[in-house]
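One structure is given here, and the rest of the page talks about it.
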There are 2 protein chains.
Amino acid sequence: MENLIPDIIVGRLPIYLQALEHMKSQGVMSTSSQELGQVIGISAAQIRKDLSQFGEFGKQGKGYSIPFLVEQLRSILNVDQVWDIAVIGAGNLGRAITHYQGFLNHGFRVKLVFDNDPRCIGTPIIDEFIVQDMANLVPLVQKANIKIAMLTVPASAAQSVTDLLVKAGIKAILNYAPITLSVPPGVHVQYVDPVIYLQKMTYYLK
Amino acid sequence: MENLIPDIIVGRLPIYLQALEHMKSQGVMSTSSQELGQVIGISAAQIRKDLSQFGEFGKQGKGYSIPFLVEQLRSILNVDQVWDIAVIGAGNLGRAITHYQGFLNHGFRVKLVFDNDPRCIGTPIIDEFIVQDMANLVPLVQKANIKIAMLTVPASAAQSVTDLLVKAGIKAILNYAPITLSVPPGVHVQYVDPVIYLQKMTYYLK
DNA sequence: TAGATTGTTAATCGATTAACAATC
DNA sequence: TAGATTGTTAATCGATTAACAATC
């Protein structure tokens, strides 16, 4: 039987991975839960508890091998492979995402870009990226076997586009639109509307 | 004495506000905790409990007046005013953010944009937006009395730029760079690195 | 009035922290 | 070996849910 890991723990794993990859790129070969916790602002006990859900990755008295733990976390998070992504909406944000180099080497690659604006369809974003007609979204996403989408369309279009994405077999949506999406069970959504995060901070200001 | 509200509750208020503003724009004048919860996927009990931290905004048997609750939430979140924002990094993402219309009417306005690339400094992003030299960040942010920054620089520059922002009096940072920032107490940081959110979802895929 | 829905209390559930034996 | 740090257990802390009297 599958051991069910709380979502809140899963959400911390990418943060651990990010910090460990940074240390690794600096040539640091090992760390402790204490040191890692200091860097990312999480208690050492919590890091050890979280990791213990997945195995025993450390050595008493020694801490953790960074290359080993990076490898383990990549495997746990399924980013020891490359996931193709469809970007929906070729406005300023969609194009910025398509240009972003930060996905490479972290498990992701933008493969298709869609828009419904005729002035935009067929134009190149970079060399190989031609903006596709949203009307062809379902067959093209299905054919490319893409499971992840990034949604950068206006709020007014977001739900209807989401319905298309679900129809096309998309299982994970990173949503930049300022609206809560309705999706069937088994489809994951993460919200990254900047306004939500800014308003969370202005509560504490003034 | 100030009543201390848990951060997790504060984080839900902008979601309530977003949904209520959407309903309001549709001409809906009132709602219940049940209905609102359905829309955003949060239990009715939790919504009532959260709101009760700040006052009594509903009427038994009737629910909540949407215009009234919107007004109250805006006031609680301090977005019944307009906050000027400094965007740091005039790359693809920084420029996309500067163009984004979604801040207007939600409490925010991009006021200054900075970069350190000489080929970029002095060029206009839109009519009134000239990219400013990062070397002038501290005095310009101080003079404009800006308290909120959005950080779109590479990870390698993020911490040193953050130190400048803190020096300039910035109290809230929305960080797109893939790195945990170190800030003094009283400075708030929210993380919106897309890779973190994508990796959180790929855990559940395949 | 009768029905609906709030605000709040108490019970449940889940997450974090502290502490330490095991051991590298 | 002595010191350091893990993995894990038990205790604490906090968040969510269920239930219902109050009342519009």
Side-chain angles (χ1 to χ4, degrees), chain A residues 2-17 19-20 23 28-73 76 180 200 203-204, chain B residues 2-17 19-20 23 28-73 76 180 200 203-204:
Chain A
E2 186 77 15
N3 187 16
L4 193 46
I5 309 291
D7 195 61
I8 198 160
I9 293 181
V10 174
R12 281 191 292 262
L13 300 184
I15 299 170
Y16 301 162
L17 179 56
L20 291 163
M23 291 175 177
V28 185
M29 293 306 280
S30 77
T31 190
S32 63
S33 57
Q34 174 106 97
E35 185 182 54
L36 178 58
Q38 203 107 62
V39 169
I40 58 179
I42 290 179
S43 80
Q46 181 155 83
I47 291 171
R48 294 201 304 278
K49 189 110 203 289
D50 285 355
L51 294 177
S52 76
Q53 303 283 324
F54 302 94
E56 306 193 356
F57 304 123
K59 282 202 183 21
Q60 285 102 323
K62 297 290 182 185
Y64 300 90
S65 156
I66 290 177
F68 177 70
L69 190 48
V70 163
E71 190 188 10
Q72 295 297 310
L73 285 171
I76 292 166
T180 301
K200 207 166 151 181
Y203 172 80
Y204 297 101
Chain B
E2 187 78 15
N3 186 17
L4 193 44
I5 308 291
D7 195 60
I8 198 161
I9 293 182
V10 174
R12 280 191 293 260
L13 300 184
I15 300 169
Y16 301 163
L17 178 56
L20 291 163
M23 290 174 180
V28 186
M29 294 306 281
S30 79
T31 189
S32 63
S33 58
Q34 174 104 99
E35 185 183 55
L36 178 59
Q38 202 108 64
V39 169
I40 59 180
I42 291 179
S43 79
Q46 182 155 82
I47 291 171
R48 293 201 303 276
K49 189 111 202 290
D50 286 355
L51 294 177
S52 76
Q53 303 283 323
F54 303 95
E56 306 192 356
F57 304 123
K59 284 202 183 21
Q60 285 102 323
K62 297 291 184 184
Y64 301 89
S65 155
I66 291 177
F68 176 72
L69 190 49
V70 162
E71 191 188 12
Q72 294 297 308
L73 285 171
I76 292 165
T180 300
K200 206 166 149 182
Y203 171 80
Y204 297 101

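Computation of the quantities below employed the complete heavy-atom set of this structure, encompassing side-chain atoms and omitting hydrogens, waters and symmetry-equivalent molecules. Owing to the predicted nature of the structure, the values given are computational and were not obtained by experimental measurement. Proteins get letters first, then strands, A, B, ... in listed order; numbering begins at 1 in each.
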(request) Between B/Arg48 and A/Ala45, name the one whose nearest nucleotide on DNA chain C is closer to the 5' end. (result) B/Arg48
(request) Please report the closest heavy-atom contact between A/Ala19 and A/Leu36, naming both atoms and the distance. (result) CB-CD1, 3.8 Å
(request) Apply side chain to side chain contact (heavy atoms under 4.5 Å, CB included) to B/Ile9 and B/Phe54, showing your working. (result) CA-CA 11 Å; B/Ile9 293 182; B/Phe54 303 95; 4.2 Å; yes
(request) Could you say whether B/Thr31 or A/Lys49 is positioned toward the 5' end of DNA chain C, judged by the nucleotide with the nearest heavy atom to each? (result) B/Thr31
(message) Any heavy-atom pair between the side chains of B/Tyr64 and B/Arg48 that's under 4.5 Å?
(response) yes
(message) Could you report the tightest heavy-atom contact between A/Ile47 and A/Ser33, atom names first, then the distance?
(response) CD1-O, 3.7 Å
(request) Just do the side chain to side chain contact (heavy atoms under 4.5 Å, CB included) check on B/Met23 and B/Met29 with the steps written out, would you? (result) CA-CA 8 Å; B/Met23 290 174 180; B/Met29 294 306 281; over 6 Å; no
(request) Please report the shortest heavy-atom distance between B/Tyr16 and B/Ile42, naming the atom on each side. (result) CE2-CD1, 3.9 Å
(request) With a 4.0 angstrom cut-off to heavy atoms of chain B, pull out the first and last contacting nucleotide of DNA chain C, in 5'-to-3' order. (result) C/dA4 to C/dT9
(message) Could you work out how much the helix from C/dG3-D/dC24 to C/dC24-D/dG3 bends, comparing the axis of its first five pairs with that of its last five, to 10°?
(response) 20°
(request) Mind listing the closest non-hydrogen atom pair of B/Leu73 and B/Leu20 along with its distance? (result) CD1-CD1, 3.5 Å
(request) Nearest 0.5 Å please: distance from the CD atom of B/Gln53 over to the CG atom of B/Leu51. (result) 9.5 Å
(message) For DNA chain D, which residues of residues 57-68 of chain B approach it to below 4.0 angstrom with any heavy atom?
(response) B/Lys59, B/Gln60, B/Gly61
(message) Could you tell me if A/Asp7 and B/Tyr204 have a donor-acceptor pair between their side chains, going purely by distance under 3.5 Å?
(response) yes
(message) I need the B/Leu13 CG to B/Ile5 CD1 distance, nearest 0.5 Å.
(response) 8.5 Å
